[in-house]
There are 2 protein chains.
Amino acid sequence: MEGALKKIRSSGGRITKARRGLIRVFEEADKPLSVKEIRRSLGEIGVKTSMTTVYREINFMVKNGLVKEVNLYPEEKMYESAYLVHHHHLVCEKCGRVEGVGGCRLAEIEQEMYRKRGFRVTRHSLEFYGLCVECNQGVGLMT
Amino acid sequence: MEGALKKIRSSGGRITKARRGLIRVFEEADKPLSVKEIRRSLGEIGVKTSMTTVYREINFMVKNGLVKEVNLYPEEKMYESAYLVHHHHLVCEKCGRVEGVGGCRLAEIEQEMYRKRGFRVTRHSLEFYGLCVECNQGVGLMT
DNA sequence: ATCTTTGCAAATCCTTTGCAAGGTT
DNA sequence: AACCTTGCAAAGGATTTGCAAAGAT
């Protein structure tokens with residue numbers, strides 16, 4: 001929260017209800033959110049805003065490094081806090097649940113990209129799709 | 001080409017100029033294409049069509065397993081042939097070039113997701129972003 | 001001949017922008 | 001007081017849909 005407020009101030013921005021609300025929404029979110037979900041979440045904590053403001057403020061927060069875009073679905077942009085530690089996503093294609101997983105092991109592969117192809121990797125995006133524990137119950141079991 | 005035509009027929013579809021053209025475009029593409037690029041590529045091989053048809057036929061081809069959606073940028077859907085062998089993408093953030101890389105080593109990690117969390121991974125999407133060989137020239141060198 | 005595909009125009013949906021009013025510093 | 005942010009209405013784009021004409025089998 002503090003770091004976020006500081007970034008806003010140092011970019012010449014003001015601390016408004018919408019921004020406080022957004023910071024809180026992203027702090028409390030346990031998965032990436034779509035623009036609509038963000039607006040709904042704001043509403044749930046008593047911050048009423050227009051879609052216009054949500055769009056504008058999300059862009060502001062992305063530009064200032066408070067929030068990151070996440071590429072889960074080709075249909076819809078999702079956003080999550082930029083303060084989360086690096087992780088990947090497990091997306092259940094049945095119920096839609098999204099979990100984060102830490103323990104990234106791509107560093108070695110990235111170095112190899114540089115050695116073998118001269119491509120200097122600065123970031124990556126990795127998502128797994130499938131069935132979560134609950135949706136997977138009984139699938140493939142011989143009963 | 002043959003496999004593709006067969007899939008179209010077996011889904012009750014007809015072999016039209018647009019579809020032949022699309023199959024050729026995807027066979028010859030060396031990177032994922034946006035809807036606009038697809039239309040342009042069609043034009044270049046002499047297949048004039050409307051945007052409407054491009055949208056409709058791409059969706060048809062995705063639904064019938066000829067083409068896959070690729071999640072390179074949150075801004076824009078991209079498409080590539082579903083007949084390519086599994087690969088990931090290297091996206092240069094300076095010049096926009098996109099290369100494919102084979103040699104996926106995520107199988108073990110996927111098994112671990114199942115053992116440790118019960119999540120059954122069926123597919124994944126991995127893209128690397130950074131600077132390609134050419135754009136990387138001289139960067140970081142002490143001259 | 002029958003059923004599918006095409007392209008236009010219109011409809012929809014999502015996102016951005018201009019601007020006057022209100023909020024923050 | 002100066003400057004930033006908000007929300008409305010309107011504009012701009014992208015994608016989808018209805019429908020009559022053209023095309024494929």
Side-chain angles (χ1 to χ4, degrees), chain A residues 1-2 4-26 32-43 45-64 66-67 69-79, chain B residues 1-2 4-25 32-43 45-64 66-79:
Chain A
M1 185 76 169
E2 284 323 306
L5 294 176
K6 192 174 292 181
K7 277 192 185 174
I8 292 175
R9 288 200 194 89
S10 68
S11 75
R14 312 215 156 152
I15 310 302
T16 65
K17 271 182 206 162
R19 285 183 186 153
R20 275 186 196 284
L22 282 165
I23 293 170
R24 191 171 147 203
V25 163
F26 281 108
L33 303 172
S34 69
V35 186
K36 277 185 188 171
E37 288 169 335
I38 291 167
R39 173 140 111 138
R40 187 178 328 126
S41 301
L42 282 173
I45 60 171
V47 180
K48 268 188 69 82
T49 52
S50 64
M51 245 357 201
T52 303
T53 294
V54 175
Y55 279 115
R56 255 188 308 226
E57 292 309 321
I58 290 293
N59 289 340
F60 174 90
M61 293 178 86
V62 170
K63 192 167 51 176
N64 289 291
L66 304 182
V67 163
E69 292 179 345
V70 187
N71 240 323
L72 292 190
Y73 316 104
E75 287 67 33
E76 196 170 28
K77 277 194 201 179
M78 308 288 276
Y79 301 90
Chain B
M1 184 77 169
E2 285 321 307
L5 294 176
K6 192 173 292 182
K7 277 192 185 174
I8 292 175
R9 288 200 194 89
S10 68
S11 75
R14 312 213 158 154
I15 309 302
T16 65
K17 270 181 207 162
R19 284 182 186 156
R20 274 186 197 286
L22 282 166
I23 292 170
R24 193 173 145 203
V25 162
L33 303 172
S34 69
V35 186
K36 278 185 186 170
E37 288 169 336
I38 291 166
R39 174 141 111 136
R40 187 178 329 125
S41 302
L42 282 173
I45 61 171
V47 180
K48 269 188 69 80
T49 52
S50 64
M51 245 356 201
T52 302
T53 295
V54 175
Y55 279 115
R56 253 186 311 224
E57 292 310 320
I58 290 293
N59 289 338
F60 174 89
M61 293 179 86
V62 169
K63 192 167 50 176
N64 290 291
L66 304 181
V67 163
K68 282 182 181 168
E69 292 180 344
V70 187
N71 241 327
L72 293 192
Y73 315 104
E75 286 68 31
E76 195 170 28
K77 277 193 201 182
M78 308 288 276
Y79 301 90

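Note: hydrogens, waters and symmetry copies are ignored here, and every other heavy atom, side chains too, is used. Keep in mind that what you see is a predicted model, and the values were worked out from it rather than measured. In the text below, chain A, chain B and the rest are named by the order of the sequence lines, each starting its count at 1.
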Exercise for the section: Show the numbers, then the answer: is there a side-chain contact (heavy atoms from CB on, under 4.5 Å) between B/Ile23 and B/Ile8? Expected result: CA-CA 11 Å; B/Ile23 292 170; B/Ile8 292 175; 3.9 Å; yes

Exercise for the section: Please confirm whether any donor atom in the side chain of A/Arg14 sits under 3.5 Å from an acceptor in the base of C/dT24, or the reverse. Expected result: yes

Fill in the blank from the handout: In this structure, OG1 of B/Thr53 is separated from CZ of B/Phe60 (nearest 0.5 Å) by 13.0 Å

Practice task
Using a cut-off of strictly less than 4.0 Å, decide whether B/Thr16 has a side-chain nitrogen or oxygen near OP1 or OP2 of C/dT4.
Solution key: no

Practice task
Would you mind reading off the distance between B/Ile58 atom CD1 and D/dT16 atom P, rounded to a whole angstrom?
Solution key: 11 Å

Problem - Atom-to-atom span, CD of B/Glu57 to P of D/dG23 - whole angstrom - result: 16 Å

Problem - Any A/Leu5 side-chain heavy atom under 4.5 Å of A/Arg20 side chain - result: yes

Completion exercise
Atom CE of B/Met61 and atom P of C/dT4 are separated, to the nearest Å, by 19 Å

Practice task
Remember a base hit wins even if backbone is also touched, and classify B/Arg56 as base, sugar-phosphate or nothing at under 4.0 Å, heavy atoms.
Solution key: base

Handout entry: Enclosure of B/Lys7 NZ (heavy-atom neighbours >12, cutoff 6.0 Å)
Key = yes

Problem - Interatomic distance, B/Tyr79 OH vs D/dA14 C1' [rounded to whole Å] - result: 11 Å

Problem - For atom NZ of B/Lys77 and atom P of C/dC13, their distance in whole Å - result: 16 Å

Exercise for the section: Report the nucleotide, chosen from D/dT5, D/dT6, C/dG7, that has the shortest atom-to-atom distance to any side-chain atom of A/Arg19. Expected result: D/dT5

Problem - Option among A/Arg39, A/Arg19, A/Lys63 that satisfies the salt bridge (Lys or Arg N to Asp or Glu O under 4.0 Å) test with A/Glu57 - result: A/Arg19

Problem - Spacing of A/Arg20 atom CZ relative to C/dG23 atom P, expressed in whole Å - result: 16 Å

Problem - Earlier contact from the 5' end, DNA chain D, for B/Met51 and B/Arg9 - result: B/Met51

Exercise for the section: Measure from the side chain of B/Thr52, starting at C-beta and using heavy atoms only, and say which of D/dT25, D/dT16, C/dT16 lies closest. Expected result: D/dT16

Problem - Minimum-distance nucleotide (side-chain atoms of A/Lys36 versus C/dC14, D/dT6, C/dT16) - result: C/dC14

Handout entry: Interatomic distance, B/Glu37 CD vs D/dA14 P [rounded to whole Å]
Key = 13 Å

Problem - Atom pair distance, as rounded to whole Å: NZ in B/Lys17 and P in D/dG23 - result: 8 Å

Practice task
Could you check whether B/Lys48 gets within reach of a base, just the sugar-phosphate, or nothing at all, counting any heavy atom under 4.0 Å?
Solution key: sugar-phosphate

